[in-house]
Amino acid sequence: MSSQFSAPHPGPTEACERLWRNARLATLNPDLPGLGLVEAGAIAVAGGRILYAGPEAALPPAYRAADAVIDCGNRWITPGLIDCHTHLVHAGNRAHEFELRLNGASYEEIARAGGGIVSSVSAFRAASEDQLTAESLPRLDALMAEGVTTIEIKSGYGLDRENEGKALRVARRLGRERDISVRTTFLGAHALPPEFKNNQTGYLDRVIADMLPALAADGLVDAVDGFCENVAFSPAEMRRVFEAAKALGLPVKLHADQLSNLNGAALAAEFGALSADHLEFTDEAGVVAMKQAGTVAVILPGAFYFIRETQKPPLDLFRKHGVPMALATDNNPGTAPLTSLLLTLNMAATLFRMTVDECLAGVTREAARALGLQAEVGTLEAGKWADFALWNIERPAELVYRMGFNPLHARVWRGQ
C-alpha cells in the first residue's frame with residue numbers, strides 16, 4: 001500500500017484541530033440505513049483523519065475547542081468522491097475517429113487506417129513524461145473540481161516496460177502535484193502492441209516475466225488489471241497474468257464481459273479480484289461467484305453511452321445476490337472521454353435505473369471497496385482520512401439529478 005494510505009489513525013485523546021459544524025451529513029456508514037444521513041451534524045478532524053462524524057449534539061466536549069471551527073451553513077457533506085476506474089494518463093485524443101464513425105466508418109475501417117488503440121499507443125510512446133503530465137492535469141483538475149479526492153489510474157497505452165513505467169510514474173507524479181490520492185494499476189494486458197502482431201503468447205511472456213516484476217519492484221504498481229475479451233486476451237491468458245500478480249502479492253482487477261460473456265467475472269472472482277468492471281454480458285453464475293469472493297461490480301455507463309451499447313449490465317442480479325456496485329468514469333481517449341463523475345451518476349440512474357442511494361454509494365463507499373481502501377476512505381467515520389465534499393444542495397438526490405451543473409462548495413482532502 002502506498003505511503004499516502006499508511007498514516008497512523010489518530011488516538012482517542014487527540015485534540016481536535018478542525019471542526020466542521022452546522023452541517024447535514026451523508027455519512028455512507030454501512031451500519032446506518034440508506035445514505036447514513038445525519039441532520040445537524042459535525043465532523044471533527046486531527047492529523048488529517050476524522051475523530052468524530054455524527055450529530056453535533058453528541059460531539060464530545062473536548063472536540064468543541066478546535067483550533068479552527070467552520071460553520072457549514074447547513075450544507076450537505078458527503079465523503080470525497082472516488083473515481084475507481086480511469087485511463088487518465090494518455091496522449092492526444094481520438095476525436096477524428098469519433099467524427100469518422102459519425103460519418104459512417106466502421107471500427108474495422110478505422111483500425112486498418114491506423115486508428116483505434118494503435119493510434120493511442122503511438123501517441124503515448126512519442127510523448128515525454130512532462131508532456132503526459134501536462135495533458136493529464138486538466139483532466140484530473142476537472143474531476144477534482146467535482147469533489148473527487150481519490151482516483152485510480154491505469155497504464156495500458158505503453159505496452160512495453162519503458163512506456164508502461166512512464167505511465168505509472170506520471171500517475172504517481174499527479175498525486176504529488178495535486179492534493180489527491182492516486183492508486184496505480186498495471187494494465188499491460190490491455191492490447192497487443194504493433195511489434196508483437198500475431199505473437200500474443202510472446203507478448204504475454206514479456207508482460208509476465210519482464211514488465212510486471214520490474215515495475216512492481218520499482219514500487220509503481222498497486223494492482224494488476226487486464227482486458228479479457230475476444231478482441232483482447234482470453235481467460236486462459238488472463239489466468240497467467242493473475243497468477244503472476246498473485247505471486248508478487250498484488251491484488252487484481254479485470255475488464256470483464258463487456259462485449260461478450262467469456263466468464264470473465266467468474267475468473268476475476270476465482271482470484272479474489274478487488275473488482276470486475278463493465279460486466280454487460282455477465283451471467284448469474286458469474287454474479288454468484290463475485291458475491292462469494294467479495295468482488296465489487298464496477299459499472300461504467302460512460303463507455304456504454306459513448307459506444308452506443310445496448311446490452312445493459314445485470315443490475316437486478318447484482319441486487320439479488322448482494323454484490324456491491326461501484327461507479328466510475330472509465331476516462332479514456334477511445335470509448336469514454338468523460339471527465340465528470342457527476343455526469344456519470346446521472347448516466348447510471350438514467351441508463352441503468354440505479355437508485356440515488358446506489359449511485360452515491362457507488363462513487364464513495366463501494367468505489368473505496370473496489371480499490372481495497374474501504375478501511376481508509378469512502379465513508380464519514382472516525383479513523384478514516386478526512387476526505388469529504390461540501391455541496392450547495394437541498395437534498396443528496398440533486399447530485400444525481402442534475403446534468404452539466406456542479407454544486408460543489410468546498411473539497412476537503414486530508415482535513416485541508
Side-chain angles (χ1 to χ4, degrees), residues 24-28 30 32-37 76-86 142-143 145-152 257-258 275-282 287 290 296-332 335-370 378-379 388-389 391-408:
R24 291 179 283 177
L25 311 180
T27 67
L28 276 297
L32 299 176
L35 296 174
L37 303 183
W76 280 98
I77 300 181
T78 68
L81 305 190
I82 299 170
D83 197 350
C84 65
H85 179 132
T86 84
L143 290 163
E146 291 187 347
V148 172
T149 53
T150 300
I151 188 170
E152 183 256 21
D257 305 336
Q258 180 186 8
S275 71
D277 304 33
H278 288 289
L279 303 171
E280 280 83 344
F281 285 84
T282 298
V287 173
M290 289 176 64
V296 177
V298 177
I299 310 300
L300 303 170
F304 177 93
Y305 164 86
F306 195 78
I307 64 175
R308 296 189 289 184
E309 184 56 80
T310 56
Q311 176 82 16
K312 297 178 182 179
L315 266 68
D316 286 341
L317 289 178
F318 295 139
R319 292 172 180 136
K320 173 183 174 182
H321 294 285
V323 173
M325 293 184 289
L327 284 168
T329 62
D330 191 19
N331 173 263
N332 75 78
T335 62
L338 175 61
T339 50
S340 172
L341 202 51
L342 293 179
L343 181 55
T344 301
L345 292 175
N346 182 269
M347 286 180 170
T350 303
L351 298 174
F352 301 151
R353 291 295 185 261
M354 289 181 70
T355 68
V356 167
D357 286 10
E358 287 172 340
C359 287
L360 293 177
V363 295
T364 54
R365 184 180 66 219
E366 307 310 339
R369 193 188 310 276
T379 65
F388 46 89
W391 306 96
N392 293 315
I393 55 176
E394 285 302 314
R395 56 189 302 143
E398 288 183 51
L399 298 177
V400 181
Y401 154 78
R402 291 183 181 272
M403 295 184 289
F405 180 79
N406 181 4
L408 185 73

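In this text, all values refer to a predicted model and were calculated from it rather than measured experimentally. The first residue of the sequence shown is numbered 1, and numbering continues consecutively from there.
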Is it the case that S275 and D277 place a side-chain donor and acceptor less than 3.5 Å from each other?
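Yes, D277 and S275 have a side-chain donor paired with an acceptor closer than 3.5 Å.
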Give me the atom names and distance for the closest heavy-atom approach of [X] to [Y].
X	Y	value
T335	N332	N-OD1, 2.7 Å
P396	L35	CB-CD1, 3.9 Å
P324	V296	O-CG1, 3.5 Å
T344	A328	CG2-O, 3.4 Å
A303	D330	CB-OD2, 3.5 Å
L25	W76	O-CZ3, 3.5 Å

Would you find a donor on one side and an acceptor on the other, under 3.5 Å apart, between the side chain of [X] and the backbone of [Y]?
X	Y	result
N331	L338	yes
T282	D257	no
T379	T27	no
Q258	H278	no

Working for side-chain contact (heavy atoms from CB on, under 4.5 Å), residues L360 and L399:
CA-CA 8 Å; L360 293 177; L399 298 177; 4.1 Å; yes
So do the side chains of [X] and [Y] get within less than 4.5 Å of each other, counting heavy atoms only?
X	Y	result
W391	L408	yes
R402	I393	no
L279	M290	yes
L315	M354	yes
T350	P301	no
R365	P30	yes

Only one of L300, I82, L345, D83 clears side chain to side chain contact (heavy atoms under 4.5 Å, CB included) with L327; which?
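Result for side chain to side chain contact (heavy atoms under 4.5 Å, CB included) with L327: L345.
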Atom pair CG (L37) and CG (L28), whose distance is rounded to the nearest 0.5 Å
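L37 atom CG to L28 atom CG measures 9.0 Å (nearest 0.5 Å).
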Using the side-chain contact (heavy atoms from CB on, under 4.5 Å) rule, take T339 and T329 through it: C-alpha gap first, then chi angles, then the decisive distance, then the call.
CA-CA 7 Å; T339 50; T329 62; over 6 Å; no
Just do the side-chain contact (heavy atoms from CB on, under 4.5 Å) check on E358 and R353 with the steps written out, would you?
CA-CA 10 Å; E358 287 172 340; R353 291 295 185 261; over 6 Å; no
Under 4.0 Å between a Lys/Arg side-chain N and an Asp/Glu carboxylate O for E366 and R369?
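Yes, charged N to carboxylate O under 4.0 Å.
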Heavy atoms from other residues, nucleotides or ligands near OH of Y401 exceed 12 (cutoff 6.0 Å):
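Check fails, neighbour count at 12 or below.
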So which pairs with a foot in residues 301-318 pass side chain to side chain donor-acceptor pair (under 3.5 Å), sequence neighbours left out?
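Applying side chain to side chain donor-acceptor pair (under 3.5 Å) to every pair that reaches into residues 301-318, excluding sequence neighbours, yields D316-R319.
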